[in-house]
Colleague: 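This is the structure I want to talk about, given as structure tokens.
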Amino acid sequence: MEQTNGMVWVIVPVYNAADTLPRCLDSLLRQTYPRWTACLIDDGSTDNSMQICQKYARLDPRFECLANPGHFGPSATRNRGLGRARGTYVAFLDSDDWWDCEFLEEMVVMARHFQADFVQCGWTLEWPNGKSRPEENTYPDFRVFDRENFSGPLTEMLRGISMNHVARKLVRRSLLEGLTFSTKLDTAEDLAMSFQLLMRARRIAFVPDPLYHYYRHGGGLTGRRLRFGQKWAANRAVARMMQAAIRGTDFDTVRFRFLIWARPYRLLASKAVRLLRDQFHQSKDRVLE
């Protein structure tokens, strides 16, 4: 048990990420917290992603390489990593994103000090043209919530997207026991998992620093081109799951049931605003160039 105490199991699903994968894995090598193992799972890539994974595994034994026999998608690939998880904590890193060098250290220190079931940090949006924009965490300062005060974080989750990403969380491995990412959803599987984690947790914590770098582009694992109907159906399915999950709990109130019902509508409006904002920033950059 002592050998795995404090160790972080990092799940990195990989799919046709040869252009971004070295930057992602280099950010792991630069971590100031050394007690991690990265499970790199190639999901049927048709480029040389697997060769890159194997190169890093030869470079550092903390990298482990797996290969799916076909292309199964991010949920099934993450689930394979969960099935092999060991250690105290689990973190998720997408192959086109990267971490600040102090990501693990800050998150583990926070989790240990406050005995938090999961910790969430802020993030920075990154674009292919080199532009970046830090995004505030759900809360702009260090926060710790016990379960009796979860109404605030749950409200944030249901009213926006800042609580929805598993990649910005460090999760106590025991909290994930018996949980898997839904392979039936075309999108919103992160939201479904984040909601389940919140429902199970007894204490959570927030780090305001933007330690996670999220690369905004059309490819990768989460940049799937989905039709409106697919997105709508997935978010409605998650809403039904949430309604069922809160039944009989302290969160089974008219207010939360309404927020859950309204969330798919709010999400679509929010996505439209973000798309317009991204287009504005890109147009502004082209003009300045």
Colleague: Ignoring hydrogens and geometry, is there a side-chain-to-backbone donor-acceptor pair from R147 to A201 under 3.5 Å?
Modeller: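 Confirmed, R147 side chain pairs with A201 backbone.
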
Colleague: Hey, are the side chains of T138 and R143 touching, using non-hydrogen atoms and a 4.5 Å cut-off?
Modeller: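 T138 does not reach R143 side chain to side chain.
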
Colleague: Sub-3.5 Å donor-acceptor pair from the side chain of R173 to the main-chain atoms of G87, do we have one?
Modeller: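 Yes, the answer is positive, given that a donor and an acceptor are paired below the 3.5 Å cut-off.
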
Colleague: Does L197 reach the side chain of L176, with side-chain heavy atoms less than 4.5 Å apart?
Modeller: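 L197 reaches L176 side chain to side chain.
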
Colleague: Is any side-chain heavy atom of Q120 less than 4.5 Å from a side-chain heavy atom of Y212?
Modeller: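 Result no, sub-4.5 Å side-chain heavy-atom pair not found.
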
Colleague: Output the distance between atom NE2 (H213) and atom CG (L125), rounded to the nearest 0.5 Å.
Modeller: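 If I round to the nearest 0.5 Å, the distance is 11.0 Å.
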
Colleague: What are the two closest non-hydrogen atoms of L185 and A237, and how far apart are they?
Modeller: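 For L185 versus A237, the nearest heavy atoms are CD2-CB, 4.0 Å.
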
Colleague: Tell me whether R203 is salt-bridged to D146, with the criterion being a basic N under 4.0 Å from an acidic carboxylate O.
Modeller: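 Salt bridge flag = yes for D146 with R203.
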
Colleague: Does F258 have more than 12 heavy atoms from other residues, nucleotides or ligands lying within 6.0 Å of its CZ?
Modeller: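 Not more than 12 within 6.0 Å, no.
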
Colleague: Between W9 (side chain only) and R84 (backbone N and O only), is there a donor and an acceptor less than 3.5 Å apart?
Modeller: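 Not confirmed, W9 side chain does not pair with R84 backbone.
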
Colleague: Given 3.5 Å as the limit, does a donor-acceptor pair link the side chain of E156 with the main chain of Y139, or not?
Modeller: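 Not a single qualifying donor-acceptor pair exists.
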
Colleague: Taking N68 for the side chain and G44 for the main chain, is one N or O donor matched with an acceptor at less than 3.5 Å?
Modeller: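 No: the side chain of N68 does not pair with the backbone of G44.
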
Colleague: Could you work out, with ring pair (Phe, Tyr, Trp, His ring centres under 6.0 Å) as the rule, every residue matching F103, not counting sequence neighbours?
Modeller: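 Residues passing ring pair (Phe, Tyr, Trp, His ring centres under 6.0 Å) with F103: W99.
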
Colleague: Just verifying a value: how many Å separate M199 CE and L179 CG, rounded to the nearest 0.5 Å?
Modeller: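 Going from CE on M199 over to CG on L179, the span is 12.5 Å.
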
Colleague: May I ask you to check whether F142 and F114 place their ring centers less than 6.0 Å from one another?
Modeller: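 No, they do not, as the ring centres are separated by 6.0 Å or more.
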
Colleague: Rounded to the nearest 0.5 Å, what separation is found between the OG atom of S151 and the CG atom of L158?
Modeller: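 Going from the OG atom of S151 to the CG atom of L158 covers 11.0 Å.
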
Colleague: Closest approach of S162 and R168, non-hydrogen atoms and distance?
Modeller: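 It is O-NH1, 3.0 Å.
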
Colleague: Looking at Q51, is its backbone amide N or carbonyl O close enough to the side chain of N48 to form a donor-acceptor pair, meaning the two atoms are under 3.5 Å apart?
Modeller: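 Looks like no, no N/O pair under 3.5 Å.
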
Colleague: Verify, without hydrogens or angle tests, whether R263 (side chain) and N235 (backbone) share a donor-acceptor contact under 3.5 angstrom.
Modeller: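 Not at all, since once roles are kept as given, no pair shorter than 3.5 Å links the two residues.
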
Colleague: Do N164 and D190 have side-chain N/O donor and acceptor atoms under 3.5 Å apart?
Modeller: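 No, no side-chain donor-acceptor contact under 3.5 Å.
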
Colleague: Decide whether T32 and E105 meet the rule of one side-chain donor and one side-chain acceptor closer than 3.5 Å.
Modeller: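 Note: T32 and E105 side chains meet the donor-acceptor criterion.
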
Colleague: With a cut-off of 6.0 Å (strictly less than), are more than 12 heavy atoms of other residues, nucleotides or ligands near NE2 of H113?
Modeller: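 No - once you tally the heavy atoms of other residues, nucleotides and ligands closer than 6.0 Å, there are 12 at most.
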
Colleague: Scan for ring-ring contact (aromatic ring centres under 6.0 Å, His included) pairs involving residues 17-38, sequence neighbours excluded, and state none if there are none.
Modeller: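 Residue pairs passing ring-ring contact (aromatic ring centres under 6.0 Å, His included), neighbours aside: W36-F63.
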
Colleague: Over 60° means perpendicular and under 30° means parallel, so classify the ring planes of H165 and W123, tilted if in between.
Modeller: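 Judged by the thresholds at 30° and 60°, the geometry between W123 and H165 is tilted.
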
Colleague: How long is the gap from CG on L170 to CG on L104, to the nearest 0.5 Å?
Modeller: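 Here the interatomic distance stands at 7.0 Å.
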
Colleague: Got a sec: does the CZ of R159 have more than 12 other heavy atoms crowding it under 6.0 Å?
Modeller: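 Atom CZ in R159 is not packed in, count stays at 12 or less.
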
Colleague: Taking only Lys NZ, Arg NE, NH1 and NH2, and the carboxylate oxygens of Asp or Glu, determine whether R78 and D43 approach each other closer than 4.0 Å.
Modeller: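 So R78 does not pair with D43 through a salt bridge.
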
Colleague: For W98, which fellow cluster members are found when Ile, Leu, Val, Met, Phe, Trp and Tyr are connected by side-chain heavy-atom distances below 4.5 angstrom, either directly or through intermediates?
Modeller: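 Its cluster partners, ordered by chain and number, are Y215.
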
Colleague: Is the number of heavy atoms from other residues, nucleotides or ligands under 6.0 Å of D47 CG greater than 12?
Modeller: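 Check passes, neighbour count above 12.
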
Colleague: If you measure from NZ on K169 to CE on M107, what distance do you get to the nearest 0.5 Å?
Modeller: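 The NZ atom of K169 sits 9.0 Å away from the CE atom of M107.
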
Colleague: Checking R35 side chain against N5 main chain: does a donor-acceptor pair fall under 3.5 Å?
Modeller: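 Present.
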
Colleague: When you measure from the side chain of T77 to the backbone N and O of V14, does any donor-acceptor pair fall under 3.5 Å?
Modeller: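 Checked: no pair found.
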
Colleague: Kindly indicate, with the supporting measurements, whether the criterion side-chain contact (heavy atoms from CB on, under 4.5 Å) is fulfilled by R172 and T88.
Modeller: CA-CA 6 Å; R172 189 178 301 279; T88 307; 4.2 Å; yes

Colleague: Between F256 and T155, is a side-chain contact (heavy atoms from CB on, under 4.5 Å) present by the stated rule, with each step listed?
Modeller: CA-CA 8 Å; F256 280 125; T155 298; 3.5 Å; yes

Colleague: Taking R202 first and then D117, would you say they form a salt bridge - that is, a charged N and a carboxylate O separated by under 4.0 Å?
Modeller: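 Salt bridge absent between R202 and D117.
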
Colleague: State, yes or no, whether a side-chain contact exists between R86 and T37 at a heavy-atom distance under 4.5 Å.
Modeller: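 Of all side-chain heavy-atom pairs linking T37 with R86, at least one is under 4.5 Å.
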
Colleague: Please check if the distance between the ring centroids of Y265 and W232 is under 6.0 Å.
Modeller: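 Yes, they do, as the ring centres are separated by less than 6.0 Å.
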
Colleague: Between D26 and Y56, is the side-chain hydrogen bond (donor to acceptor under 3.5 Å, both in side chains) condition met? List the steps.
Modeller: CA-CA 9 Å; D26 285 343; Y56 277 81; 2.8 Å; yes

Colleague: Look up atom CG in L40 and atom CG in L28, then write down how far apart they are to the nearest 0.5 Å.
Modeller: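 L40 CG to L28 CG: 8.0 Å, rounded to 0.5 Å.
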
Colleague: Inspect the contact between K231 and D186 and indicate whether a charged nitrogen and a carboxylate oxygen are less than 4.0 angstrom apart.
Modeller: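 The answer is no: the pair does not qualify as a salt bridge.
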
Colleague: Looking at S182, is its backbone amide N or carbonyl O close enough to the side chain of S75 to form a donor-acceptor pair, meaning the two atoms are under 3.5 Å apart?
Modeller: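 Yes, S75 side chain to S182 backbone: donor-acceptor pair under 3.5 Å.
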
